[in-house]
Amino acid sequence: MTSLPIHLYDTRRRSVVAFEPIHPGKVGIYTCGPTVYGPQHLGNMRSQLLPDVLRRVLGASGLDVRYVTNITDVGHLVSDADDGDDKVEAAAARTGESVEQITRRWTDQWATDRRRLGCLEPDSVPKATEHIAGQIEMVQVLEAKGHTYQIGDGVYFDVSTFPRYAEFAGLTLDDHEATGRIDNIVDKRHPADFALWKLTPPGVSRLQEWDSPWGRGFPGWHIECSVMASEELGRHIDVHTGGVDHVRVHHTNEVAQSECAFELHPWVNIWMHNEFLDLGGEKMSKSRGHILTVDSLVERGIDPLAFRYFFLQTHYRQQQAFGFDLVEASGTGLRRLTQHATNARDEVGGDLLAPGSAGQRAEELRKQFWSALVDDLNTPKAMAVVSTVARDGELSHADRWSLLGDFDRILGFGFADAASVGSGELGADLGAKEPEVAKLLAARQAARLAKDFATADRIRDELAAKGWEIVDTPQGPTVRRS
RNA sequence: GGCGUCGUGGCCGAGUGGCUUAGGCAAGGGCCUGCAAAGCCCUGUACCCGGGUUCGAUUCCCGGCGGCGCCUCCA
């Protein structure tokens, strides 16, 4: 695998390019994280899953990966026309809670949910409010280089000083005016100019504000990412990810600031953007009050990891149709896959094969799997290989486990620790955890042995009504939650 | 209105100028089972419409229709 060259789609160049780390052997990845004024929904989690797969693939290729994603706890305005309130501040005003209570709660929800989806922990999770000094400093640098101007409302970036501004997202700057949809209540020179530092109006006091060379206020949204990314990963970034919606405004502005302040042209080598989840016409955005979260899945009895499997079944640059029935279907697929993996694992005592000791057929499949992934993270294709491995009759148990155990470094399903049918949580611990269920199960088995099938079936129905499905295995009967 | 993207078998969803029956879920048949469930085996021959390029297009080009996204906060 280490020998396979990795190719990734770069939004800036609009093509798949060969990945080359800036510093040999190392790679830094930055992802625009959540604005913690409300819950993160399943669509948001797609942009957590993309970098998770990316870092796993890069890591498996032998690179030392440093993954950073931030928490936006200030500066993200309710409207991006550079007017309106800070989102966190607005939420605090609405609920009467403190800013800390709000940002803490939603930061925790985000962290918990990404964990439930099998995402590895970031190496660092910087917060915007903890990098105020750096942001002020960067604005000063931009100011010194003549890229800013100040008006009553704050300090703005002057896009006319950055000729490449429209290039990144393929914008036609005139469109900004043509649409006529932006109310320019501030005296911006160009509609695309954006706030670097917002000033608190005289006589007003905000929950979150800091002193600056321009007066009390708070930083603009875009500046935080440029600052945190460079402080954590150095000025020249290998990969920066985010949702497609960020291309036009947020990332365009990040590029403008960073390239001007650092005097560096591609500030980021590869920009990766995940497409949206398609909720069948109904847009799943916070402003519409349509909040589907990981909890929404759990409430329906769906394993959060089913969503991970669901995510892997579609390419990240493709809009993905969402439906609970679809995620449930993925859950079925995951359950079967896990069963195959654990069966093979248990057959060989859980030991992963030493590299090279797998058979010809196995090595062929292993190569297919990694080839799909290094081709711009073609996870659907990789999953097809996974399915083949799970059932291929030519593979020995050892080979099967060798492959699935290896693949799980990317899949993140936790095969090594997963409970197998007929053992673990379902078997040995059942008596302790679910004494009632264990008793019924034993009673049914006794009835079966006594050929009293009427009683046996009645008990089976009883268990089913309680949400337990009986699974008869060669090792004897056991149950699982249905 | 502008820009972009997608339109594949019941559903989701890869892929390719003429050998992939991709894969998953669902469905049907079989094996197993006391009967089931679970599991295993087998089956289904698809590429929005109309032109064009080509020996040949689902795959390339043009047009149309349709979905979605961005252009406003949004992953």
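Chain identifiers are assigned alphabetically (A, B, ...) following the order of the sequence lines, protein sequences preceding nucleic acid strands; residue numbering begins at 1 within each chain. We use all heavy atoms of the structure for the numbers below, so side chains are in, but hydrogens, waters and symmetry mates are not.
- When the side-chain nitrogen and oxygen atoms of A:Arg336 are compared with OP1 and OP2 of B:C25, one or more of them lie within a distance under 4.0 Å.
- B:G67 and B:C42 have their P atoms separated by 41 Å, with the value rounded to a whole Å.
- With hydrogens and angles ignored, a donor-acceptor pair under 3.5 angstrom links the side chain of A:Arg460 to the base of B:C35.
- Across all strands shown, B:A36 remains unpaired; no Watson-Crick or G-U wobble contact has both distances below 3.5 Å.
- If you check B:G9 for Watson-Crick or wobble pairing at under 3.5 angstrom, you find it has no partner at all.
- In terms of position on RNA chain B, the residue among A:Ser330 and A:Asn378 whose nearest nucleotide sits closer to the 5' end is A:Asn378.
- Taking only distance into account, the side chain of A:Gln319 meets the base of B:C68 through a donor-acceptor pair shorter than 3.5 Å.
- Within 4.0 Å (heavy atoms only), A:Arg391 reaches sugar-phosphate atoms of the nucleic acid but no base atom.
- When ring centroids are compared, A:His273 and A:His251 come within the 6.0 Å threshold.
- Comparing B:U53 with B:C60, their C1' atoms sit 8 Å apart, to the nearest whole Å.
- Ring planes of A:Tyr165 and A:Phe162: perpendicular class, angle over 60° (limits at 30 and 60°).
- Counting non-hydrogen atoms of neighbouring residues, nucleotides and ligands closer than 6.0 angstrom, the CD atom of A:Glu121 exceeds 12 such neighbours.
- When the nucleotides B:A14, B:G39, B:A75 are ranked by their closest atom to the side chain of A:Asp245, B:A75 comes out on top.
- Partner assigned to B:A27 is B:U43, using Watson-Crick or G-U wobble distances below 3.5 angstrom.
- Distance from the side chain of A:Gln318 is smallest to B:C6 among B:A75, B:C6, B:G13.
- Distance from the side chain of A:Asn274 is smallest to B:A75 among B:C71, B:A14, B:A75.
- For the P atoms, the distance linking B:U21 with B:C6 amounts to 26 Å, nearest Å.
- A donor-acceptor contact under 3.5 Å links the side chain of A:Asp457 to the base of B:G34.
- Among the protein residues, A:Glu328 comes within range of no part of the nucleic acid, since none of its heavy atoms lies under 4.0 Å from any strand.
- Under the Watson-Crick or G-U wobble criterion, with both distances below 3.5 Å, B:C60 is paired with B:G52.
- The nearest whole Å value for the distance from the NE2 atom in A:His340 to the C1' atom in B:G39 is 7 Å.
- Counting to the nearest Å, the C1' atom of B:G23 and the NE2 atom of A:His315 are 16 Å from each other.
- Closest-nucleotide positions on RNA chain B for A:Asp472 and A:Gly333 were compared, and the one nearer the 5' end corresponds to A:Gly333.
- Base contact: A:Glu275 has a heavy atom under 4.0 Å from a base atom.
- As the counterpart of B:C3, B:G69 is assigned, both hydrogen-bonding distances of the Watson-Crick or G-U wobble pattern falling under 3.5 Å.
- Rounded to whole Å, the C1' atom of B:G24 lies 28 Å from the corresponding atom of B:G18.
- Using atom C1' as the reference point in both B:G17 and B:A26, the two lie 33 Å apart (nearest Å).
- Contacts classified as salt bridge (charged side-chain N to carboxylate O under 4.0 Å, His left out) and involving residues 309-322 of chain A (residues at least two apart or in different chains) are given here: A:Arg317-A:Asp376.
- Between A:Arg460 and A:Asp457 there is a salt bridge, since a side-chain N of the basic residue sits under 4.0 Å from a carboxylate O of the acidic one.
- Within 4.0 Å of A:Ile470, counting heavy atoms only, lies at least one base atom of the nucleic acid.
- Heavy atoms of A:Ala329 sit under 4.0 angstrom from primed sugar atoms or phosphate atoms, though from no base atom.
- Between the CD1 atom of A:Ile459 and the C1' atom of B:A36 there is a distance of 15 Å, rounded to whole Å.
- Atom CG of A:Asp392 and atom P of B:G23 are 12 Å apart (whole Å).
- If you take atom C1' in B:C19 and the same atom in B:U58, they sit 16 Å apart, rounded to whole Å.
- Residue A:His273 is out of contact with every strand shown, counting any heavy-atom pair closer than 4.0 Å.
- Ring pair A:Phe310/A:Phe307 is tilted by interplanar angle, where 30° to 60° counts as tilted.
- A:Leu365 has its CG atom 13 Å from the P atom of B:G23, to the nearest Å.
- Using a 4.0 Å heavy-atom distance criterion, A:Arg14 is classed as making no nucleic acid contact.
- Among the protein residues, A:Asp325 comes within range of no part of the nucleic acid, since none of its heavy atoms lies under 4.0 Å from any strand.
- With a 3.5 Å ceiling on both atom-pair distances, the Watson-Crick or G-U wobble partner of B:A14 is B:U20.
- The closest donor-acceptor contact from the side chain of A:Arg114 to the backbone of A:Gln48 lies at 3.5 Å or more, if one exists at all.
- There is no side-chain donor-acceptor pair under 3.5 Å between A:Arg308 and A:Ser330.
- The aromatic ring of A:Phe276 is stacked on the base of B:A75, with the two ring centres less than 5.5 Å apart and the planes inclined by under 30°.
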